[in-house]
Each structure stands twice: as structure tokens, then as C-alpha cells.
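Worksheet: the structure to be examined is printed underneath.
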Amino acid sequence: MAVYLDNNATTSIKPEVCDAMMPYLTDIWGNASSVFYSVGQKAESELQKLRESVAKNIGAKNANEIYFTASGCEADNWAIKGFAFANKRKGNHIITTKIEHHAILGACEFLEKHGFNVTYLDVDEVGYVTPEAVEAAITDNTILISVMTANNEIGTIEPIKEIAEVAKKHKITFHTDAVQAIGHIKIDVSELGVDMLSLSAHKFHGPKGVGMLYIKNGTRIDNLIHGGGQERGKRAATENLAGIAGLSKALDIAVSDIDKNIAHMKKMRDKLITGLRDRIDYIKLNGPDDERRLCNNVNFSYEFVEGEAILMRLNMKDICASSGSACASGSLDPSHVLLAIGVPHEIAHGSIRFSVSEDTTDEEIDYVLDVMPKIIDGLRAMSPMYEAFEDGKLESFTKKYMEGR
Ligand SMILES: *Cc1c(COP(=O)(O)O)cnc(C)c1O
């Protein structure tokens, strides 16, 4: 069995989630919009129950604030574009950060071609965005702020509640991409004070191809998908009832087991972080080294080696992880997130993300801690850069991080 440590990319479907989906692929196959006969009515009443359960699990006041989508990317695109186009009379300025998921960055870049101005906020050296920086970027034309709850590459947890307060004070709508947060941080939209929030089922042991956008009542937003009257006329397409049932069940489990799961993931994460630091020189942890780090994320840069080469050797040992350029595979640029936190190109290319889950075991971490030093040693032995460094002809970028600990 593979040692799967890429849970920030996707997670396995829980058997209970699969079981919860099955009835909607067999018996309850009706179209929830066909309400003039029992087969459709059944689908419609089930959909309403699922919507209510999801609303309750994220702290939404009303089930009609839950809009199901076909992915996290769709939810993000809809929040940004749908809000911008519906509110362009009020202003054309949007604030976001340099470390958002490409779904947000891509939607913002698209809007820039359509008359909107976007501020991409800098982050500090661990990826943190301060509420003060957000406030300082606000202009009379600002209509929307979007800051992710937690970063998918380096695990930084952002001060969402405080940023939501800033937005509220200035009467600006606030969206957060909480795709990486579900199951890892307690999420309550009312407590956080957000106006819109995106999530995606496959990041918390649900099925792929189903997500959700929470839209607080009173928030004006245009359609992204036009067509029929589904999702209260806001998102056309016959509802993916099985997918929605999977999302709902996965969320149920994620929410009810959260304390236990966080404790376990933190233990696995810290064992991996400490173990790698103890065993391998010239490495740098990317992202925070404190309570602001997502409970399941480990991201290091390994100097003098290439991330892709590490991944290939990990794969030979049946270990699944991802490199700092995973999101831009096919491109030679290091990840936008690593560049935004100031990781030099030279070491950003040697970055590997391990992301654990509640199913990760001590034995799996021990195995990785046994394998990784050998892989890094082996690759450095072939590296001309490492040789130059050993000959005193090259400075180390990571030395200061080692000394700083
Ligand atoms: C995975 C991810 C998405 C996209 O979700 P999909 O359902 O795969 O489209 C968006 N934002 C973040 C932070 C993610 O990690």
C-alpha cells in the first residue's frame, strides 16, 4: 500500500461517505426540479435535508444560503466574478493576496481584463496577511476582499475573523476560500463574520466534482452558470444529488471528529517536521512554525536538489507527496506562494510538501524519516551545486535557517 502524504491535493473517500452516496445513484435518481410527481419530489425533499445539514455544520443561519457547485474552483470563480459583475456600479476595486489558489488569482486576472483593478497583497516570510495590510489597501472603490482561510502549499492560517471585521467596518463584502480549512480548523460562518465561503468535498474525504459556496443572504451576486432555475435561479444544472450527499456526509464526519483529528494530525506533522530537521541539513521550513500552521501540512525546501527528482525517488519507495511547482506542472517557475514568501529561486525548486490526514500512522512517518535522508544524500552526491558548496565556492541559502533554530 502506498504511503499517501498528499492530502492537501486530495483525500481518499471514506467508506461511510460512499455508503451515503449509494442510494442517490440507485433508488433516489429523480430530478429535484421535477416536483409534479413523487420521484422528483423525493429527490427535492432529500436535497433540502442535505442543504440543511450542510448549513448547520458550517454555522449558516439559513439553508438557502448554501449553493452547491461542481468544485472548489467553481465556487471561487463564482464568488469573485459573480460578485464583481453584480456590484460594478459601486466600485471596481478588489483586494486579494499573492498566495491565493489559482482559482482566485485566475478569476481576478480575468476581471482585470474587464475594467476591474485588483490589489494582490504581499505576505510576510511565513505567508501571513495582517488585517492592517488589508485595511491599508482599501479605497473608495473597493467592493470585495478575498483572503483564503488557510494556504494549500505552506499551510498558513490567516486571521479571517479580524479581516472580516475590517471589511465590515468599511461595508465591503468579504469572501474566503476555506477549501483547506474544513476538517482542519473549526469553521463557523456566523462566528467568522464572512459573507461568502468556498469549500470542496474531495479535500475532506468526500467525492471529487462537488463543492459549495456559502452566500450570506443580502449579498448580491450574478450567475456564473446560466440556464435553469436550480439553486434558487442562481446556478443552473440538474443537481448532483449523489455528490451533494457525499459532501454532506463527509462534512458531518469532519465536523464531529475534528478535535480528535486535529490532535492526531498535529502529532504526525510535528513528528515529521522534527524528524526531518534532525536528520537532514540545509533545509528550510516554509510557512509558520507556530499555531498559525495548518495541522496537516509540512513543506520544506531542500537545498542543492530538485523537487521533481525527490518526488521520483519517493515514488520508487511508494510515497506520495508533491513539489513546490505542483500547481504549475509543465512550467519551470517555482510556485507563486514560495516566491511570495521570499524563498530564493535556487531553493524554491527543491521544495516538497507532505500533507498528513487522520489516517496517517506513526509507522508511515517512521518510514518517510528513514527514506528521505537517503534520497537527499543520494541526490546531493550527484549535485554539482553541492560539490561547489563543499569546496567553499558557493554560499548556502539555508544556513541561516539552520542557525536560527
Ligand atoms: C483544491 C483547492 C481548490 C480547488 O478545489 P477543486 O474542487 O479541486 O476545484 C481551491 N482552493 C484551494 C485552497 C484548494 O486547495
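Nothing here was measured: the structure is a model prediction, and the numbers come from that model. In this chain, numbering begins with 1 at the start of the sequence shown. We count ligands from 1, going down the list as the structure has it; atoms in each ligand are counted the same way.
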When the side chains of residues 237-252 are checked against the rest of the protein, which donor-acceptor pairs come out under 3.5 Å, sequence neighbours left out?
| residue | atom | partner | partner atom | Å |
| --- | --- | --- | --- | --- |
| Asn240 | OD1 | Gly243 | N | 2.9 |
| Asp252 | OD1 | Asn57 | ND2 | 2.9 |

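Of the candidates Ile154, Thr156, Ile185, Leu294 forms a side-chain contact (heavy atoms from CB on, under 4.5 Å) with just one, namely Ile185.
The protein residues lying under 4.0 angstrom from ligand 1, judged by non-hydrogen atoms, are Ser71, Gly72, Cys73, Asp76, His101, Met148, Asn152, Asp177, Val179, Gln180, Ser200, His202, Lys203.
Donor-acceptor pairing under 3.5 Å is recorded for the side chains of Lys208 and Thr10.
Within 6.0 Å of NZ in Lys317 there are 12 or fewer heavy atoms belonging to other residues, nucleotides or ligands.
Listed by chain and residue number, His114 satisfy the ring pair (Phe, Tyr, Trp, His ring centres under 6.0 Å) test with Phe110 (two or more places apart in sequence, or in another chain).
Within the structure, the side chain to side chain donor-acceptor pair (under 3.5 Å) test picks out the following pairs touching residues 17-28 (sequence neighbours left out): Tyr24-Glu46.
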